[in-house]
Amino acid sequence: EAGVAQSPRYKIIEKRQSVAFWCNPISGHATLYWYQQILGQGPKLLIQFQNNGVVDDSQLPKDRFSAERLKGVDSTLKIQPAKLEDSAVYLCASSLAFAPYNEQFFGPGTRLTVL
Amino acid sequence: AQSVTQLDSHVSVSEGTPVLLRCNYSSSYSPSLFWYVQHPNKGLQLLLKYTSAATLVKGINGFEAEFKKSETSFHLTKPSAHMSDAAEYFCVALQSGGSYIPTFGRGTSLIVHP
């Protein structure tokens, strides 16, 4: 079974530039999550999708971050414009269904450096 | 709102000695609870999860955790540490009541000395 795919793995940009990350979840997984993990901290949930609908985006800085999952499969997270404090690893995860006890499967992450 | 508190940012043990990583949760509802491990330069992997079937949960690589509702705790233990256990460990609560929004603790770095 293929795991959660993310690209790119690394990205270096200047502040005020834009960047986009892509995630392809495990086939058949209805729930998709984007997290931001700053060095030394636990992952912070940015947005959670159930199919192509948003379950929670309360911690997504909507003035600069956006995410979509148009066909209920893969997803894109965008930052525009980037700030220095956006330097972090962005993790994508998926789970089979919108239910308790469902394990999340994580991708390898995208390491973003904003200069 | 729920929160997850991992009481120690670092735990240092000698190989062959017991491991205890502490986690407390705060939730309006009874949450689902998980422990994930993150080895250096590797993705997060599930260790174990509490499903309400039993309060003592066994996971991979000899780890187990006990759910104690009265103490709102879900501490992770292992009888004997191995060098390969050195990693970052995260306690996660999945809020119930229909939203199933996950909250991570800040993580505990387990250091294993030979």
Side-chain angles (χ1 to χ4, degrees), chain A residues 1-7 9-10 21 23-26 29-51 53-60 67 88-111, chain B residues 1-10 21 23-25 27 29-54 57 59-60 65 67 74 87-109:
Chain A
E1 175 180 88
V4 176
Q6 289 188 249
S7 67
R9 293 293 311 277
Y10 304 91
F21 312 128
C23 172
N24 192 27
I26 292 173
H29 280 199
T31 309
L32 186 145
Y33 312 80
W34 281 104
Y35 292 90
Q36 180 192 60
Q37 186 176 18
I38 292 172
L39 188 65
Q41 299 181 19
K44 181 181 82 171
L45 180 69
L46 293 176
I47 189 166
Q48 178 178 343
F49 291 97
Q50 174 65 13
N51 295 312
V54 176
V55 174
D56 183 79
D57 62 357
S58 58
Q59 298 192 91
L60 186 74
V89 175
Y90 290 85
L91 297 168
C92 180
S94 69
S95 63
L96 184 59
F98 186 61
Y101 314 135
N102 271 179
E103 172 185 358
Q104 293 180 68
F105 293 84
F106 286 83
T110 297
R111 183 176 298 277
Chain B
Q2 70 179 0
S3 65
V4 176
T5 303
Q6 291 185 243
L7 294 146
D8 306 292
S9 58
H10 296 85
L21 306 183
C23 172
N24 286 93
Y25 69 91
S27 175
Y29 305 94
S30 295
S32 307
L33 295 163
F34 305 76
W35 276 98
Y36 285 83
V37 61
Q38 187 175 37
H39 286 94
N41 299 316
K42 293 197 174 181
L44 282 148
Q45 178 187 15
L46 180 71
L47 269 180
L48 49 80
K49 63 181 177 182
Y50 168 66
T51 64
S52 77
V57 181
I60 61 172
F67 173 72
F74 190 56
E88 192 80 15
Y89 291 79
F90 293 97
C91 182
V92 182
L94 198 64
Q95 186 168 316
S96 60
S99 60
Y100 311 132
I101 298 169
T103 300
F104 275 71
R106 65 174 179 174
T108 298
S109 179

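Because the structure is predicted, anything quoted here is derived from the model rather than measured. When reading the values below, keep in mind they use all heavy atoms of this one structure, side chains included, and skip hydrogens, waters and symmetry mates. All chains are named by letter (A, B, ...) in the order of the sequence lines, taking the proteins before the strands, and each is independently numbered beginning at 1.
- Ranked by heavy-atom pairs under 4.5 Å with chain A, the list B:Pro102, B:Ser109, B:Gly105 is led by B:Pro102.
- Between chain B and the options A:Ser95, A:Gly42, A:Pro43, the largest number of non-hydrogen pairs under 4.5 Å is found for A:Pro43.
- Counting heavy atoms from C-beta on, the side chains of B:Leu44 and B:Phe90 come closer than 4.5 Å.
- Counting non-hydrogen atoms of other residues, nucleotides and ligands closer than 6.0 Å to CZ of A:Arg111 gives a total of 12 or fewer.
- Inter-residue side-chain proximity for A:Trp34 and A:Leu60 is flagged as unmet; no heavy-atom pair is nearer than 4.5 Å.
- In this pair, A:Tyr35 and B:Phe104 present their aromatic rings perpendicular. The plane angle is above 60°, beyond the 30 to 60° band.
- Only the backbone of A:Gln41 has a heavy atom closer than 4.5 Å to any heavy atom of chain B.
- Classification of the B:Tyr50-B:Phe67 ring pair by plane angle, with boundaries at 30° and 60°, yields parallel.
- Only the side chain of B:Gln38 comes within contact range of chain A, with at least one heavy atom under 4.5 Å from a heavy atom of that chain.
- Of the two parts of A:Gln37, only the side chain, counted from C-beta on, holds a non-hydrogen atom closer than 4.5 Å to a non-hydrogen atom of chain B.
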